[in-house]
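Below is one structure, written out as structure tokens; the observations come after it.
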Amino acid sequence: MKLGGQHYMPAGGVVRVALEVSRSSSGHAFHLRLTTGLEGPCMRCLEEAAVTVDVDSREIHLPGSGDEELSSPYVEGDVLNLGAWAHDALVLAAPVTLLCRPDCAGLCPVCGVSLNDADPADHRHAEPTGPFAGLGELLGE
Ligand SMILES: [Zn+2]
Ligand SMILES: [Zn+2]
């Protein structure tokens with residue numbers, strides 16, 4: 001799945017899903033719960049990052065009601081498209097920014113070194129001089 005332009009994979013490729021289906025005279029109610037780890041690059045420093053995401057999502061499908069709101073987009077005929085639902089619910093439940101740790105310092109905008117490994121007080125750049133001074137500005141950085 002894609003978040004913020006990066007690819008994230010369920011940890012170990014296994015997602016445990018619990019699905020409850022309640023049937024009524026007019027349709028079905030579905031309750032989906034799943035927990036998975038997501039692994040992918042930290043959005044600040046691109047190191048490996050992992051989070052656990054809990055999904056708790058409900059869908060109601062009452063085809064006879066004539067109400068669009070009560071018709072699940074994940075049900076077609078008698079088939080529940082669990083994969084599409086789980087995917088969308090997971091995207092909604094996933095953190096907007098996925099970081100290797102909450103206080104990730106990110107990359108140095110000048111040299112690209114991970115500031116998690118460098119002492120920020122120690123890691124400074126002098127005013128750029130020389131033939132490449134200002135190149136970063138030209139490149140829009
Ligand atoms: Zn990071
Ligand atoms: Zn630097």
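Just so you know, ligand 1 is whichever comes first in the structure, and atom 1 is the first atom listed for that ligand. The structure displayed is predicted, hence computed values, not measured ones.
At a threshold of 4.5 Å between side-chain heavy atoms, the hydrophobic network of Ile, Leu, Val, Met, Phe, Trp and Tyr places Val55 and Val51 in one connected group.
Here the angle at the Zn ion (ligand 1) defined by SG in Cys100 and SG in Cys45 stands at 110°, rounded to 10 degrees. Expressed to the nearest 10°, the angle at the Zn ion (ligand 2) joining SG in Cys111 with SG in Cys108 is 110°.
Atom CG of Leu62 is separated from atom CG of Asp67 by 8.5 Å, given to the nearest 0.5 angstrom. Expressed to the nearest 0.5 Å, how far CZ of Arg101 lies from SG of Cys45 amounts to 8.0 Å.
Of the possible donor and acceptor atoms, none in the side chain of His31 sits under 3.5 Å from a partner among the backbone N and O of Glu20.
Taking the N/O/S atoms of His125 in turn, the shortest distance to the Zn ion (ligand 2) belongs to NE2.
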